[in-house]
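Proteins come first, then strands; the chains are lettered A, B, ... in the order of their sequence lines, and each starts at number 1. Basis for what follows: all heavy atoms, side chains included, without hydrogens, waters or symmetry-related copies.
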Protein chains: 2
Amino acid sequence: MSKATVSFVINDRPGVSPQARRRVLEAIDQLGWQPNAGARALSTKRSQTLGLVMRRPPELLSTDPFFPQFVAGIETGLAPLGYALVLQVVPDEETERQAYERLARDGRVDGVFLTDLRTDDPRPALMTELGISALIVGPPHHGGRVPALGVDDGSGVRRAVSHLRSLGHRWIGHVCGAAGYVHTEARCDAWRGALADAGLPEIPPVAADFTGAAGAQATHRLLDLDRPPTAIVYANDLMAIAGITAATSRGLRVPEDLSVVGFDDIPLADCIAPPLTTVRQDVLTWGRIAAQALVSLTEGGKFQAAELPPVEFVVRASTAPPRT
Amino acid sequence: MSKATVSFVINDRPGVSPQARRRVLEAIDQLGWQPNAGARALSTKRSQTLGLVMRRPPELLSTDPFFPQFVAGIETGLAPLGYALVLQVVPDEETERQAYERLARDGRVDGVFLTDLRTDDPRPALMTELGISALIVGPPHHGGRVPALGVDDGSGVRRAVSHLRSLGHRWIGHVCGAAGYVHTEARCDAWRGALADAGLPEIPPVAADFTGAAGAQATHRLLDLDRPPTAIVYANDLMAIAGITAATSRGLRVPEDLSVVGFDDIPLADCIAPPLTTVRQDVLTWGRIAAQALVSLTEGGKFQAAELPPVEFVVRASTAPPRT
DNA sequence: TTGTAAGCGTTATCAA
DNA sequence: TTGATAACGCTTACAA
């Protein structure tokens, strides 16, 4: 038995006799042998590892429902393919760049996921410069040729608007996410489009940074208007819940005096009073499909935009017809 | 310049003249060369990579405040040391074992973190069998010789009990975590001890699985007692918030009729009404120190129990003196 | 102080 | 269909 034969067998390639194959497999079984990933990587120049760098402000880390679910989804996509995921969480842009550079230069990863793309994000260019495959998770990056895979952010806000409109609301506020992110822009655009399509007047969206404090503050801003909205759509559940508390503290009742729609459907959305009407994305599936797409990219395959499950609109008790 | 010299320089080892060192560094700088992690791993048989396998029920993934913070903490400990983290999220025990075995056999990691240890957990034995270093994150495992690093779980519950007692509560209920986990046991023991020390009578703790639904159900169980408690301490914030909602739905007011204490201090704890009194752990620091400890273990160092920051007790508005 | 050469555990190339 | 043998990019004796 030569090493070559064994190599052929475990990568089940043609050109080895059935009996030799059987003997190799038996021997492997007896010895409990497993191929060494590092050595293989050295030989093939492929590490069978993908990288995920998450840049998150520490105060948002434990709230963000996206991160853990997405990671779990990636895992379900990667495990059957024998790929591993190396993960890095960084606090700022500088550390973020270093993280990508190290991952690439060390040869630790074959490709990386790019999340939370910012407008004028340097990462797509950096990736082509470093020569590693990348997949944008979210709305496509303008002008770059890095492929992107994201759910249709717009459909969620459109669903929210049409739901509120059907309840009779005509004066709807929006607390959108932090400025500078591609997905925030995409959702804001969708927001304006949805209002226009529905023939509703627009209250300028108030930007907030996804934290509870910002959500509460934005809520007060909207309720302080000369003509306050009868419903508010928030960019995430955390801000929506903080918004409910803020509204309640002003003596308003939700949903009687103010309807509230969240985004994400965190497990808590169901546990508060009133239970939150919100938009749910299947982040787990998103992660799985993203993982498969990125693997196929690193293996030289073409990127094919796979179908992601559409967002779901979950109607609970935080929305009701407006007071007239 | 020979490869050996270069190798000596980048690992800054003695035995190379200052001028040779300078020339090597210059060349490295000019060529933008970086050592390849895989090749180095093959040679040294050390991957400079640590593994974290998280077994989590999918429905808890996006709520668990521990996971993302701990990962971020690990990262801050690992990055300066040039180590990477490979992460795996698995749904059940079988997949969990496979994950550890693959990580070890592939030679992908030098050591792993063991979280959420269960009573009679097979993992400590598996780790010694696989011959890879491991560090238990949480209370120590009975009888094993795998080192453990955890905050004193007891002090949180003791603080909660003494806070409630000082407010005048004498009949305090407890919704503890899922049975079968070492940390649940540890906290339950601490709970009984704290009550005994305070000379308070014990209501049997109700076990719940950390979900909001379970928290609500446990709350109803306690409030259905012939003599319901005037205060309840929960094993996590999610259950506490669900508990508040459950109590409110029965016409009780929090904190006037029922005081509530949570555990974790998730960002939402501050955004609901009433803001939640809770126990905060510095999970970020915990992760950092755990990472450093595990690296030192894999490099053959002795394990030295580092000091973790003590838990903090955060008093907000969900606790008040009992009605008399 | 430096260079040479032998591994590390795979895959890939070629003769046999 | 097989078995040598050379990479892959590093570390580490050991010799110069």
Ignoring hydrogens and angles, write down the donor-acceptor pairs under 3.5 Å from the side chains of residues 113-125 of chain A, residues two or more places apart or on other chains.
| unit_1 | atom_1 | unit_2 | atom_2 | d |
| --- | --- | --- | --- | --- |
| A:Asp116 | OD2 | A:Arg56 | NH1 | 2.3 |
| A:Asp116 | OD2 | A:Arg56 | NH2 | 3.3 |
| A:Arg118 | NH2 | A:Glu96 | OE1 | 2.8 |
| A:Thr119 | OG1 | A:Gly180 | O | 3.3 |
| A:Asp121 | OD1 | A:Arg123 | N | 2.9 |
| A:Asp121 | OD1 | A:Arg123 | NE | 2.9 |
| A:Asp121 | OD2 | A:Arg118 | N | 2.9 |
| A:Asp121 | OD2 | A:Arg123 | NE | 3.3 |
| A:Asp121 | OD2 | A:Arg123 | NH2 | 2.9 |
| A:Arg123 | NH1 | A:Glu96 | OE2 | 3.2 |
| A:Arg123 | NH1 | A:Tyr100 | OH | 3.2 |
| A:Arg123 | NH1 | A:Thr115 | O | 3.2 |
| A:Arg123 | NH2 | A:Thr115 | O | 2.9 |
| A:Arg123 | NH2 | A:Asp116 | O | 3.2 |

Output side-chain donor-acceptor pairs under 3.5 Å for residues 4-20 of chain A, partner residues at least two apart or in another chain, one line each.
| unit_1 | atom_1 | unit_2 | atom_2 | d |
| --- | --- | --- | --- | --- |
| A:Thr5 | OG1 | A:Ser2 | OG | 3.2 |
| A:Asn11 | ND2 | A:Ser7 | O | 3.1 |
| A:Ser17 | OG | A:Ala20 | N | 3.2 |

Using a 3.5 Å cut-off and no angle test, enumerate the donor-acceptor pairs between side-chain atoms of residues 294-309 of chain A and protein atoms at least two apart in sequence or in another chain.
| unit_1 | atom_1 | unit_2 | atom_2 | d |
| --- | --- | --- | --- | --- |
| A:Thr298 | OG1 | A:Arg46 | NH2 | 3.2 |
| A:Thr298 | OG1 | A:Val295 | O | 2.7 |
| A:Glu299 | OE2 | A:Tyr83 | OH | 2.8 |

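Rounded to 10 degrees, the angle between the two end axes of the helix from C:dT1-D:dA16 to C:dA16-D:dT1 is 50°, with five pairs used at each end.
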So if I define the base as every atom that isn't primed, P, OP1 or OP2, how would nucleotides 4-9 of chain C read as a B/S/- string at a heavy-atom cutoff under 4.0 Å? B--BBB
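If you check residues 7-18 of chain B against DNA chain C, the residues with a heavy atom closer than 4.0 Å are B:Gly15, B:Val16, B:Ser17, listed by number.
Relative orientation of the A:Phe67 and B:Phe67 rings is parallel, given thresholds of 30° and 60° on the angle between their planes.
In this structure B:Asn36 satisfies the side-chain hydrogen bond (donor to acceptor under 3.5 Å, both in side chains) test with no other residue, sequence neighbours excluded. Applying the side chain to side chain contact (heavy atoms under 4.5 Å, CB included) test to B:Glu94 and every residue at least two apart in sequence or in another chain returns B:Asp92, B:Arg97, B:Gln98. Listed by chain and number, the residues in a side chain to side chain contact (heavy atoms under 4.5 Å, CB included) with B:Pro91 are B:Thr95 (sequence neighbours excluded). Legend: residues meeting side chain to side chain contact (heavy atoms under 4.5 Å, CB included) with A:Ala186, ordered by chain and number and at least two apart, are A:Pro139. Remark: B:Thr49 engages A:Arg108, B:Ser47, B:Ala84, B:Val86, B:Val109 in a side chain to side chain contact (heavy atoms under 4.5 Å, CB included) (not counting sequence neighbours).
To the nearest angstrom, C1' of C:dT1 lies 16 Å from CZ of B:Arg22.
The shortest side-chain heavy-atom distance between A:Val53 and A:Val112 does not fall under the 4.5 Å cut-off. Counting only heavy atoms from C-beta outward, the side chains of A:Ile266 and B:Thr63 never approach each other to under 4.5 Å.
Counting non-hydrogen atoms under 4.0 angstrom, A:Ala41 reaches nothing in the nucleic acid.
Nearest-nucleotide positions on DNA chain C for B:Arg21 and A:Val6 put B:Arg21 closer to the 5' end.
Extent of DNA chain D lying under 4.0 Å from chain A heavy atoms, first and last nucleotide in 5' to 3' order, is D:dT1 to D:dG9.
Between the A:Trp286 side chain and the A:Leu149 main chain, a donor and an acceptor come within less than 3.5 Å of each other. Side-chain atoms of B:Thr184 come within 3.5 Å of backbone atoms of B:Ala178 as a donor-acceptor pair (strictly under, hydrogens ignored).
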